[in-house]
Amino acid sequence: MKTIAAVIEVRMTSSRLPGKHMLWANGKPIIEHLVDRLQSVPSLDEIVMATTVNDADEPLVELANKTDISSFRGSEDDVMSRVVGAAESVRADIIVGITGDCVVIDPLLVEQTIQMFLCNKCAYVNNTAVPGYPGGMNTQVYKLATLKESAAMTDDPLDREHVTSHILRNPELFPPIYLVPPTDLYWPDLKLELDEQADYELLKKVIEHFGDENLYFSCGEIIELLRGKPDWVEINRNVKRKGFE
């Protein structure tokens, strides 16, 4: 049996909204909602909070301890090596890559992405390489051995920061599967990532709308909610997202 681990890439020193992951929603830090949701994914054996050695990230380590998940501290800039170290720390064979900004990720979509990887001959599965799902549902699945192979092939600072950019650029070396959503989950312009204050305001509204009665609300339920609340969608419509070439 292979060990499957979700590795959450996260740090507190965001330039646009420092400390954003410890902002509260429905009575607890917003990143704790991400941990809760990942803990409901059936195929995950481990969850690791992959943060940095900076003192500012101590609250993330404390939260990992509180929620009974693992933590790993590594380089702030070389995120690729940090993810490798985090996976090795729990003896993972397969990495489920999640960014800490995806606080309302759908556990069902995470499980789907894992199963797609397990049931096919490929090096890499990604559900947002082809735009379709709302932003914030981003899930990537690949073997630790694949990431190590990629890491040995590049010293480009951009590749080291964006963990799978080298894999994405070399599909002939790392055969991918790109998942696309069914029509009812197609809304690529809807952004549910936690980047700026406006994102926090929207995500807090969504989380507190569903409350304790529906802790694991799905992507479909978010879409249904926001189709009926166009004023909520406007809250973060003008946030500019960072990307990479």
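Computed from heavy atoms alone, side chains included, the values below leave out hydrogens, waters and symmetry copies.
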For this session: Look at the aromatic rings of His209 and Trp232 and report parallel, tilted or perpendicular, splitting at 30° and 60°.
Result: perpendicular

Problem set entry | Check: Pro176 and Cys122 side chains under 4.5 Å, non-hydrogen atoms | no

For this session: Work out which heavy atom in Ile222 is nearest to a heavy atom in Met137; give both atom names and the distance.
Result: CD1-CE, 4.1 Å

Problem set entry | Positive for side chain to side chain contact (heavy atoms under 4.5 Å, CB included) with Ile114, one of Ile94, Leu109, Val141, Thr139 | Val141

Seminar exercise, completed: Taking every heavy atom of Ser150 against every heavy atom of Met80, the minimum-distance pair comes out as OG-CE, 3.9 Å

Exercise. Within the distance-only criterion (no hydrogens, no angle test), does the side chain of Asn126 pair as donor or acceptor with the backbone N or O of Ala129 below 3.5 angstrom?
Worked result: yes

Problem set entry | Hphob cluster co-occupancy, Met12 + Val7, side-chain heavy atoms under 4.5 angstrom | no

Exercise. If two hydrophobic side chains count as joined below 4.5 Å and joins carry through other members, does Val233 share a cluster with Ile223?
Worked result: yes

Exercise. Listed by chain and number, what are the salt bridge (Lys or Arg N to Asp or Glu O under 4.0 Å) partners of Lys28, not counting sequence neighbours?
Worked result: Asp36

Exercise. Do Val130 and Leu179 share a hydrophobic cluster (ILVMFWY, side-chain heavy atoms under 4.5 Å, transitive)?
Worked result: no

For this session: Decide if atom CG of Asn120 counts as having more than 12 heavy atoms of other residues, nucleotides or ligands within a radius under 6.0 Å.
Result: yes

Problem set entry | Closest non-hydrogen atom pair between Pro29 and Met22, with its separation | CG-CE, 3.8 Å

Exercise. Relative to Phe174, does Arg169 satisfy both conditions: NZ or CZ under 6.0 angstrom from the six-membered ring centre, and within 45 degrees of the ring's axis?
Worked result: no

For this session: With His21 as reference, evaluate Leu34, Asp101, Leu63 under the side chain to side chain contact (heavy atoms under 4.5 Å, CB included) test and give the passing residue.
Result: Asp101

Exercise. Take atom CG in Asp231; do more than 12 heavy atoms of anything else shown fall under 6.0 Å from it?
Worked result: yes

Exercise. Will you find, in the side chains of Asn138 and Asn127, an N or O donor that is under 3.5 Å from an N or O acceptor?
Worked result: no

Exercise. Side chains of Leu168 and Tyr124: closer than 4.5 Å at any heavy-atom pair?
Worked result: yes

Exercise. So does Glu201 pair up with Lys205, basic N to acidic O under 4.0 Å?
Worked result: no

Exercise. If we ignore angles and hydrogens, is there a donor and acceptor under 3.5 Å between the side chains of Glu111 and Ser43?
Worked result: yes

Show me the donor-acceptor pairs within less than 3.5 Å that the side chains of residues 181-197 make with the rest of the protein, sequence neighbours left out.
from: Lys191; atom 1: NZ; to: Pro188; atom 2: O; distance (Å): 2.9
from: Asp195; atom 1: OD2; to: Arg241; atom 2: NH1; distance (Å): 2.8
from: Glu196; atom 1: OE2; to: Arg16; atom 2: NH1; distance (Å): 3.4

Exercise. Do Val10 and Leu60 come close enough that some side-chain heavy atom pair is under 4.5 Å?
Worked result: yes

Exercise. Strictly by modelled atom types, are Ser75 and Asp78 linked by a side-chain donor-acceptor pair under 3.5 Å?
Worked result: no

Exercise. Donor-acceptor pair, Asn170 side chain versus Leu173 backbone, under 3.5 Å?
Worked result: no

Problem set entry | Minimal non-hydrogen separation, Arg160 against Ala151, with atom names | NH1-O, 3.0 Å

Exercise. For Glu224, does the CD atom have more than 12 heavy-atom neighbours from other residues, nucleotides or ligands under 6.0 Å away?
Worked result: no

Exercise. Thinking salt bridges, do Arg82 and Glu161 make one under a 4.0 Å N-O criterion?
Worked result: no

Exercise. Just how far is it from atom OG1 of Thr52 to atom CD of Glu58, taken to the nearest 0.5 Å?
Worked result: 10.5 Å

Exercise. How about Lys148 and Leu144: do any of their side-chain heavy atoms sit closer than 4.5 Å?
Worked result: yes

Exercise. Between Arg11 and Glu76, is there a side-chain N and carboxylate O pair less than 4.0 Å apart?
Worked result: yes

Exercise. Any side-chain heavy atom of Leu203 sitting closer than 4.5 Å to one from Asn236?
Worked result: no

Exercise. Thinking salt bridges, do Arg37 and Asp106 make one under a 4.0 Å N-O criterion?
Worked result: no

For this session: Mind checking the CD-OG spacing from Glu46 to Ser70? Nearest 0.5 Å is all I need.
Result: 5.0 Å

Exercise. What closest approach, in Å, do Val61 and Ser71 show between heavy atoms, and which atom pair accounts for it?
Worked result: CG1-OG, 3.7 Å

For this session: Find out whether Ile207 and Lys204 are in side-chain contact, i.e. whether some heavy atom of one side chain is under 4.5 Å from a heavy atom of the other.
Result: no

Exercise. Nearest 0.5 Å, what's the CZ-CD1 distance between Phe72 and Ile8?
Worked result: 15.0 Å

For this session: Taking the side chain as every heavy atom from C-beta outward, state whether Glu221 and Phe210 have any pair of such atoms under 4.5 Å apart.
Result: yes

Problem set entry | Check: Ile69 and Val48 side chains under 4.5 Å, non-hydrogen atoms | no

For this session: Output the distance between atom OG1 (Thr113) and atom CD1 (Ile177), rounded to the nearest 0.5 Å.
Result: 10.5 Å

Exercise. If two hydrophobic side chains count as joined below 4.5 Å and joins carry through other members, does Val104 share a cluster with Tyr133?
Worked result: yes

Exercise. Which distance, rounded to the nearest 0.5 Å, do you find between the CD1 of Ile30 and the CH2 of Trp24?
Worked result: 12.5 Å

For this session: Look at the side chain of Ser14 and the backbone N and O of Leu17, then say whether any donor-acceptor pair between them is shorter than 3.5 Å.
Result: yes

Exercise. Are any side-chain N or O atoms of Glu208 and backbone N or O atoms of Asn26, one a donor and one an acceptor, separated by less than 3.5 Å?
Worked result: yes

For this session: Using distance alone, with no hydrogens and no angle criterion, decide if Thr3 and Asp45 have a side-chain donor and acceptor under 3.5 Å apart.
Result: no

Seminar exercise, completed: Taking every heavy atom of Ile47 against every heavy atom of Val35, the minimum-distance pair comes out as CD1-O, 4.3 Å

For this session: Please report the C-alpha distance between Gln39 and Leu44 in whole Å, then the side-chain angles of each, then the deciding distance to 0.1 Å, and finally whether the side chain to side chain contact (heavy atoms under 4.5 Å, CB included) criterion is met.
Result: CA-CA 8 Å; Gln39 286 177 323; Leu44 287 178; over 6 Å; no

For this session: Can you measure from NZ (Lys229) to CG (Leu202) and round to the nearest 0.5 angstrom?
Result: 11.5 Å

Exercise. Is Val84 linked to Ile95 within one hydrophobic cluster, defined over Ile, Leu, Val, Met, Phe, Trp and Tyr using a side-chain heavy-atom separation of less than 4.5 Å?
Worked result: yes

Exercise. How about Glu32 and Thr67: does a side-chain donor come under 3.5 Å of a side-chain acceptor?
Worked result: no

For this session: Keeping the roles fixed (side chain from Asp156, backbone from Leu158), state whether a donor-acceptor pair exists under 3.5 Å.
Result: yes

For this session: Please check if any side-chain donor atom of Thr154 sits under 3.5 Å from a side-chain acceptor atom of His166, or the reverse.
Result: no

For this session: Please report the C-alpha distance between Lys143 and Asp93 in whole Å, then the side-chain angles of each, then the deciding distance to 0.1 Å, and finally whether the side chain to side chain contact (heavy atoms under 4.5 Å, CB included) criterion is met.
Result: CA-CA 6 Å; Lys143 291 181 180 179; Asp93 302 291; over 6 Å; no

